Each structure stands twice: as structure tokens, then as C-alpha cells.
Engineer: 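Starting off with a structure, shown below.
Below, each value reflects all heavy atoms present in this structure, side chains not excepted, and no hydrogens, waters or symmetry copies. On a predicted model such as this, the values are computed, not experimentally measured, just so you know.
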Amino acid sequence: MLSFLTILLALSTCTCEENPAIQVILTNKGLQYGKHVGAGWIQDKLDEIVLPDVSGEVLGFIDYTLTGIRVSQCDLPEPSVDFYQNATGFKTSVLGLSVAVKGGWLTSCGIIHDGGSFELAVFNVDVTSIVNLGKDGNGHLSVSSVFCDAEVGDARIEFHGGASWIFKYFVKYFHDRIRGEIQEQICPAVRQYIDKIEYHLQAMTVSFQVTPALGLDLPLTSLPVIDTLTLSLPLKGQFYNIKSHKEPPFEAQPFTLAGEPNYMLSVGLSEFAINSASYGYYTAGVLQALITDSMIPPSSPFHLNTSSFGPYVPQLPKLFPGLLMELQVYASKAPVFSFQTGAVKLAFLGVIKACAIQPNTTRTPLFTLTADSKFSGKVFIDSGKLKGSTAMDNFTLTLAASEVGTFKTVALENLVKIGIKMALSKLNEQLATGFVLPRMKQAQLVNSVLKVEKGFVAISSDAEVWPTERVP
């Protein structure tokens, strides 16, 4: 159960404290759901668990070992799990646990050895553990046990096989001994388990490759923050060009994400996160395209050739009659996203270079245009799908250079606007249908809502987790 609560918090490296671009808030509702799922998972896995051997001595001369111990029955009460401010972590308590196990017994007394089977029942086990969540010098999540207390109410054991009939006279000595041995081993086992989680967290990295061109860094930027109702995780959230890992020429700005107690978790994504992705694509040279006539439907009245461009650049068909053309389109700067209340804005500066294709396939430069475009849109989540709409706010074409002489760009600008509007119309059809939210193999977000605030996007959601064998 502890791993379920902490595996999502596994973080990587960070060299300095900075404003997070992604914030994650786990609410008490999410914590309690995780507790419930974790307890159910433990209950399902109990019959697969082989407990460590228990060895000792009774009466000062009989050595014994209980081995191959498996759980045969367990009454596991619903644990209590709460955010614990004093230790910046979790406080977990299990009260009244009762468990029955069975296995084999071995005894030795001098040269006399014997063995058989046994059944052991342990009653009224109480365990309380406090776990601290921190951040190490490199930005990894740090998990440590700061308190553990365990008490075993009673233990009853029955021996079978071998000379077990002799042991019935000594069973009362075994009861106290076994109860003490179990009680002493509980907290060391808890600490060992937490240490194992800590080891795996330190070995993990969350510098993910998310596309062929982009990676994503998700270290902690500062210590986790816990109050009585929430756990807040500040994450770097920077996308980068995998080949160069070049830092963007802008910094993450602070933003405040409020936890929504009616949802299990909330995630805030700032403008920096989106713009770092945009900058990563720009530096990777991905934001470019080569448009050729083969991409235009044959039925279109307009084609990429000097004849079709005649009404817009009159001298073109005279200088280069009957030649096909191609357009090289690329971003001159990284596109910039901005979040306003209820709206997403996009500013894009691009360059369009036109070439004529000579019969020998040589490319002859014709002219270069700069394109200044601005778009706005709305995004929301409905029925588990990301939906929205977008519109063009402004588009301007300017002649930057020409090998065919000057010409007015107004008519060409209007033509491009028509093309953009047609493309946006198809995009809006897709946005109206929506895109299914991504989900993991055994979990998905449900009841999700998305709000665009000034400087960031906030998503609040519940989650559903199911066993491996279930197919949703």
C-alpha cells in the first residue's frame, strides 16, 4: 500500500530550487481511496506471501525453527492512513489485525532432531507507522521511517506430526516466545520495506523521452508540502530537446494551485511547461514543413505552380512559365502559448520561402514571406474526452525578400487565410468529437474537469484502479 502511495511521487534530479512548472496535489479523498485499494491488494496477495523463518530456544535447551510459513486466513481491518504534518508524511495504523498461518516445525535437542507441521493464530495485532517524505540534494524523493510501534495481543500454536505429542506439555512456553518473536520482528520488517522503497526511488529517473524529439524533466524543486488535507508536490516540469537539452530563454513563473477536496488529485500545468515543449521542438528543427503540389487534391482549383500564383504575383508566370513550385514553411521563433482565464492564446511567427522547380529539378528561389499569426481557443474535459475549439485572431503576410520583384501581399494573405480557416474547421470538428484521455494499464482518470486560469491550466480528477485480471 505504501508503494502505491509513493510510486507516483518518484522523482529525479535537481540542482537548485526554482519555481515548479507542474504541481500535483493529492487530497485526503485520494489518500483514502489509495488506502482502500492498497488494503484490497494486500488481502488478495496474502496467500502468495511466504513469511521469514522464526527461530529461537525454549526451556534453555530446545532449539526450534518455524519454516515455510504461509498465511491461511487473515482478518485485515481497514487501515487508518492520514497526512501527518509533524513529519511531512503519512501516519498509518492497523488495529486489531488477526492472522492464521501454517508451516513446518523443526526442533533439535542435542543429537535429537524432529519435525512436523504447525498452525499458528496471532490475535489483536496493532501496528502504527509514521513515514517522512523529503527531498535529497539531487531532487529525488526521500522516504524514511521515523516511528514504528507494534503490539501482539496473543498467539496460539498447535503442533502436528513427529513427536508433537510431547510438545503439548511445552506449548505454553511457545506461546509467549512466539508472540514476543513476532512482535519484535514487525517494526524491523516495516523499516526494511520502507528502506527498499527508498532504494528504488533513488535508483529511478524521471527524465522521460515523451516523443522522438522531446524529453521531460520531473524532479522536485522543493520539499513536499503537507497539511491535514493535502500533499503538494512541486515538479520542475520542463520539456527539452533530447539532442541538445538547451535551456529555454525564459523562466518558470510562480502560480498557485488550489486543492479541490471533492476530487482525489489536482494537477497544475504552467505556461512554462507548454512553452518549454514549444522551444524544444523549435530547437530540434521539427517546426517546419515542405509543401508540394502533390499534397493538394487534384480537384482543387489552385495548385502549386507559377500559373496559379499569377493573380497574386503577376510577374511570376512570365519569368518562370509552367513550372511547379514548393513552399518551405518554418517557425522563425518558438511559438508562444499564454493562458488567460477561460482561454488559450497562441502567437506564431513563421517564414514561407517559395521556390520554382526547374525541369532539371533545380530549385530557384522566388520570394520570402514572413507570417505573423495569432490564435485563441478553449479547452475542456467532457465525458472523459479532451474537447475544445480554436479560432484565428489575426494573420498578416509581409514580403521579406523577392527575386522576382516587389508585389502586394494582400491578395495572397487573403488566400492563406482561407486555407487556415479550412484547416481550423477540420481541427474544430476533431476537437468537438474530442480525444480520449490517456490512461495507464491498470488505472484511469474519471470525473475529470479542466479549467484555464491566468498563467496555468488546472485539472482536477478522481481515479479508478482495478486488479490486473480485470478488463475494463
Engineer: Between Phe339 and Leu269, what is the shortest heavy-atom contact and its length?
Structural biologist: CE1-O, 3.8 Å
Engineer: Considering only heavy atoms from C-beta outward, does the side chain of Leu133 approach that of Phe90 to under 4.5 Å?
Structural biologist: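 Yes - at least one pair of side-chain heavy atoms lies under 4.5 Å apart.
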Engineer: Side chains of Leu235 and Pro20: does their closest heavy-atom pair fall under 4.5 Å?
Structural biologist: no
Engineer: Please report the closest heavy-atom contact between Gly259 and Ile25, naming both atoms and the distance.
Structural biologist: N-CD1, 3.6 Å
Engineer: More than 12 foreign heavy atoms under 6.0 Å from NZ of Lys387: is that the case here?
Structural biologist: yes
Engineer: Rounded to the nearest 0.5 Å, what separation is found between the OG1 atom of Thr88 and the CD1 atom of Ile130?
Structural biologist: 11.5 Å
Engineer: Could you walk me through whether Lys454 and Phe255 pass the side chain to side chain contact (heavy atoms under 4.5 Å, CB included) check?
Structural biologist: CA-CA 9 Å; Lys454 183 173 178 56; Phe255 70 98; over 6 Å; no
Engineer: Evaluate Met204 against His140 for side chain to side chain contact (heavy atoms under 4.5 Å, CB included), listing each step before the verdict.
Structural biologist: CA-CA 9 Å; Met204 293 176 71; His140 293 89; over 6 Å; no
Engineer: Has Thr221 got a side-chain atom pairing as donor or acceptor with Asn19's backbone, closer than 3.5 angstrom?
Structural biologist: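 Not confirmed, Thr221 side chain does not pair with Asn19 backbone.
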Engineer: Roughly how far apart are Leu216 CG and Phe208 CZ, rounded to 0.5 Å?
Structural biologist: 7.5 Å
Engineer: Is the NZ atom of Lys374 crowded by more than 12 outside heavy atoms at less than 6.0 Å?
Structural biologist: yes
Engineer: Can you list the steps and then say if Leu218 with Ile22 is a side chain to side chain contact (heavy atoms under 4.5 Å, CB included)?
Structural biologist: CA-CA 8 Å; Leu218 278 176; Ile22 295 177; 3.9 Å; yes
Engineer: Under 3.5 Å, is there a donor-acceptor pair between the side chain of Gln183 and the main chain of Val152?
Structural biologist: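 At least one qualifying donor-acceptor pair exists.
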Engineer: Quick one: do the Thr230 and Asp227 side chains pair a donor with an acceptor below 3.5 Å?
Structural biologist: yes
Engineer: For Ala213, does its backbone N or O pair with a side-chain atom of Thr211 as donor and acceptor, under 3.5 Å?
Structural biologist: yes
Engineer: Restricting to non-hydrogen atoms, name the atom on Val94 and the atom on Pro77 that form the minimum distance, rounded to 0.1 Å.
Structural biologist: CG1-CD, 4.3 Å
Engineer: Which distance, rounded to the nearest 0.5 Å, do you find between the CD1 of Ile194 and the OG of Ser129?
Structural biologist: 4.0 Å
Engineer: Any side-chain heavy-atom pair from Phe83 and Thr228 closer than 4.5 angstrom?
Structural biologist: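 No - every pair of side-chain heavy atoms lies 4.5 Å or more apart.
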Engineer: Looking at Phe375 and Ile420, what are the two nearest heavy atoms and their distance?
Structural biologist: CE2-CG2, 3.9 Å
Engineer: Answer yes or no: does atom CD of Gln288 have more than 12 heavy-atom neighbours from other residues, nucleotides or ligands under 6.0 Å?
Structural biologist: yes
Engineer: State whether the side chain of Gln32 and the backbone N or O of Val81 hold a donor-acceptor pair below 3.5 Å, judged by distance alone.
Structural biologist: yes
Engineer: How far does OG1 of Thr67 sit from CZ of Phe118, to the nearest 0.5 angstrom?
Structural biologist: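 The distance works out to 8.5 Å.
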Engineer: Can you confirm whether His200 sits close enough to Lys196 that some side-chain heavy atom of one is under 4.5 Å from a side-chain heavy atom of the other?
Structural biologist: yes
Engineer: Under 3.5 Å, is there a donor-acceptor pair between the side chain of Ser278 and the main chain of Ile274?
Structural biologist: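 No, Ser278 side chain to Ile274 backbone: no donor-acceptor pair under 3.5 Å.
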Engineer: Tell me, do Ile182 and Val125 make a side-chain contact under 4.5 Å, heavy atoms counted?
Structural biologist: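 SC-SC contact between Ile182 and Val125 ruled out.
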Engineer: Quick one: pull up OG1 in Thr128 and CG in Asp126 and give me the separation to the nearest 0.5 Å.
Structural biologist: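 Nearest 0.5 Å value for the OG1-CG distance: 7.0 Å.
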Engineer: Assess whether atom CD of Gln192 is packed by more than 12 heavy atoms of other residues, nucleotides or ligands within 6.0 Å.
Structural biologist: no
Engineer: Give a yes or no on whether the backbone of Phe348 and the side-chain of Ser373 come within a donor-acceptor separation of less than 3.5 Å.
Structural biologist: yes
Engineer: Rounded to the nearest 0.5 Å, how far apart are NZ of Lys102 and CG of Leu66?
Structural biologist: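 Answer rounded to 0.5 Å: 15.0 Å.
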Engineer: Determine whether a donor-acceptor pair (N or O, by modelled atom type, separation under 3.5 Å) exists between the side chain of Asp75 and the backbone of Ser98.
Structural biologist: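 No, because the side chain of Asp75 does not come within donor-acceptor range (under 3.5 Å) of the backbone of Ser98.
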Engineer: What are the two closest heavy atoms between Ile242 and Leu214, and how far apart are they?
Structural biologist: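 Minimum heavy-atom separation between Ile242 and Leu214: CD1-O, 3.4 Å.
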Engineer: Taking C-beta and beyond as the side chain, do Leu220 and Leu233 meet within less than 4.5 Å on heavy atoms?
Structural biologist: yes
Engineer: Taking the side chain as every heavy atom from C-beta outward, state whether Ser142 and Glu198 have any pair of such atoms under 4.5 Å apart.
Structural biologist: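 Side chain of Ser142 against side chain of Glu198, heavy atoms only: contact under 4.5 Å found.
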Engineer: Are the side chain of Ser425 and the backbone of Lys421 linked by a donor-acceptor contact shorter than 3.5 Å?
Structural biologist: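 It does not hold such a pair.
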Engineer: If you apply the rule side chain to side chain contact (heavy atoms under 4.5 Å, CB included), what do you find for Thr27 with Leu229, and how did you get there?
Structural biologist: CA-CA 6 Å; Thr27 66; Leu229 297 176; over 6 Å; no
Engineer: Determine whether the side chains of Thr205 and Ser207 contain a donor N or O and an acceptor N or O closer than 3.5 Å.
Structural biologist: no
Engineer: Does any N or O in the side chain of Gln202 come within less than 3.5 Å of the main-chain N or O of Leu141, such that one atom is a donor and the other an acceptor?
Structural biologist: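 Such a contact is found between Gln202 side chain and Leu141 backbone.
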Engineer: Determine yes or no for a side-chain-to-main-chain donor-acceptor pair under 3.5 angstrom, with Asn132 supplying the side chain and Ser144 the backbone.
Structural biologist: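 No; judged by distance alone, with no hydrogens or angles, the pair does not exist.
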Engineer: Could you report the tightest heavy-atom contact between Asp462 and Met264, atom names first, then the distance?
Structural biologist: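 Closest pair (atom of Asp462, atom of Met264, distance): OD1-N, 3.0 Å.
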Engineer: Contact between Asn275 and Pro248 at the side-chain level, heavy atoms closer than 4.5 Å - yes or no?
Structural biologist: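 No, too far: nothing below the 4.5 Å cut-off.
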Engineer: Just wondering, are more than 12 heavy atoms of other shown residues or ligands nearer than 6.0 Å to CZ in Phe250?
Structural biologist: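 Enclosed: over 12 neighbouring heavy atoms sit under 6.0 Å from CZ of Phe250.
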Engineer: Please collect all side chain to side chain donor-acceptor pair (under 3.5 Å) contacts where either partner lies in residues 244-255, sequence neighbours excluded, each pair once.
Structural biologist: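 Sorted pair list: Asp217-His245, Gln238-Glu247, Asn241-Ser244.
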